[in-house]
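Data first, discussion second: the structure below is written as structure tokens.
Just so you know, ligand 1 is whichever comes first in the structure, and atom 1 is the first atom listed for that ligand.
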Amino acid sequence: MDKQKIIFSGIKPSGEMHIGHYIGAISQWVDMQKKYNCIFSIVDYHAITVKQDPEILRKRILEIAKIYLAAGIDPKKSIIFQQSAIPAHTELAWILNCYGARIADLNKMTQFKDKAGKNQESVSVGLYDYPVLMAADILLYDTDIVPVGEDQKQHVELARDIAKRFNNEFGEVFKTPQAMIKKEGARIMSLLDPQKKMSKSEHNQNNSIALLDDLEVARKKIMRAITDSGTTIEYDPENKPALSNLLTIYALLGNREIPRLVKDYQGKGYGEFKKDLAEVVVKFLANFQNKYNSISDDEVFKILEAGKEKMLKISEEKMKKLRKLIGVR
Ligand code: TYM
């Protein structure tokens, strides 16, 4: 038991939440609550780095909070809060912009390059500066461990670099956090293209299974998922990336071991495998959605309000020290 360690992670309400978010991030959080001091945020200021419809954004913030709860995040054990409710996040991001963050670092961020594509000159400054706000989220609370999917590893490393640079100048102010990434399921791939990660911004919704998908729609998506050439069920991410991705989903949502699954499907075809996988996914979603639907908006508002009260206190303490250190107070 290491109750002293602080865990921080978050999800941005910028699209439909899918099983990749659950497998890569939230399922780890649920396990960590037993051992650590956990803080989970709905990082809404990250969502507005790309255009959002205000009504839909408001709805999604609530939806993500409910998804955390339905997945098993327990507000008695963990703190759940909305990033924009705590002004210290953006205040610290500004300080880190000036001390610690370098343009050369931000130019290396692969997520920015992917998202901006050829339009690097015309996207918002916010999209470019996104990793510094993420560093502020993490460093503000003296976080030790950041449980995330693989795509966020580079951002957590940047937070470490920023912390070290700041500490070099001002002394031991920030802890240097570490990313925690699952061995299996850290990168769930698209059902239509196993070279791309399953993503909420992808236009073709058949690429992903949303946590709130209609059950029969989800079943169809699995049956339509592409497979590799050949006929045997094997786990081989190099040569059978599509099948290996489906095996990973099967194992992690169905609570099975991959080698055992491979053994059980010896001599059986892709059709039978996908039919069973669809059943596993539908069962998981039905259970998840039952819990989701039992949570009221009021319950969520109360939990977010309690989280806000706690985080306002903790963050203000840190900010007081920081403002003094840099000389603005
Ligand atoms: P976001 O909202 O894109 O994703 C939330 C979490 O889900 C993981 N994830 C996946 N894991 C496996 N397979 C996938 N296909 C997949 N897609 C997404 C992500 O790795 C992430 O852990 N920048 C962050 C949000 C953030 C944050 C933070 C995270 C802001 N501040 C501070 C940790 C700490 C993001 O955009 O995640």
Exercise for review: Mark the output for His18 as yes if a heavy-atom distance to ligand 1 is under 4.0 Å, and as no if none is.
Suggested key: yes

Exercise for review: Determine the interplanar angle of the Tyr68 and Trp29 rings, folded into 0 to 90°, and report it as parallel if under 30°, tilted if 30 to 60°, perpendicular if over 60°.
Suggested key: perpendicular

Review point. Heavy-atom distance to atom 12 (C) of ligand 1: which of Gly15, Gly149, Pro13, Ala186 wins?
Key: Ala186

Practice item. For Ser9, counting its heavy atoms only, list the atoms of ligand 1 lying under 4.0 Å from any of them. Key: 33 (C), 34 (C)

Practice item. Identify, by atom number and element, the atoms of ligand 1 in contact range of Arg187, meaning under 4.0 Å from any of its heavy atoms. Key: 12 (C), 13 (N)

Review point. Numbering the atoms of ligand 1 from 1, which are under 4.0 Å from a heavy atom of Gly24?
Key: 11 (N), 12 (C)

Check your understanding: Shared ILVMFWY cluster between Leu139 and Met311, side chains joined below 4.5 angstrom?
Key -> yes

Check your understanding: Does Asp151 reach ligand 1 with a nitrogen or oxygen that is under 3.5 Å from one of the ligand's nitrogen or oxygen atoms?
Key -> yes

Check your understanding: Does an N or O from Asp137, backbone or side chain, lie closer than 3.5 Å to an N or O of ligand 1?
Key -> yes

Review point. Based purely on interatomic distance, does Gly10 place a nitrogen or oxygen under 3.5 Å from a nitrogen or oxygen of ligand 1?
Key: no

**Study point:** Proximal candidate to atom 13 (N) of ligand 1 [heavy atom criterion; set Ile188, Ile7, Val43]
**Key:** Ile188

Review point. Are any of the N or O atoms of Lys200 closer than 3.5 Å to those of ligand 1?
Key: yes

Review point. Going by the order shown, which atoms of ligand 1 are within less than 4.0 Å of some heavy atom of Phe8?
Key: 32 (C), 34 (C)

Check your understanding: Strictly under 4.0 Å, does any heavy atom of Ile23 approach an atom of ligand 1?
Key -> no

Exercise for review: Please say whether His155 places an N or O atom under 3.5 Å from an N or O atom belonging to ligand 1.
Suggested key: no

Review point. Does Ile138 approach ligand 1 within less than 4.0 angstrom via side chain, backbone, both or neither, non-hydrogen atoms only?
Key: side chain

Check your understanding: Looking only at non-hydrogen atoms, which of Gly20, Ser208, Pro131, Ser41 approaches atom 16 (C) of ligand 1 most closely?
Key -> Gly20

Check your understanding: Given Ala25, Gly185, Ala47, which has its nearest heavy atom closest to atom 6 (C) of ligand 1?
Key -> Ala25

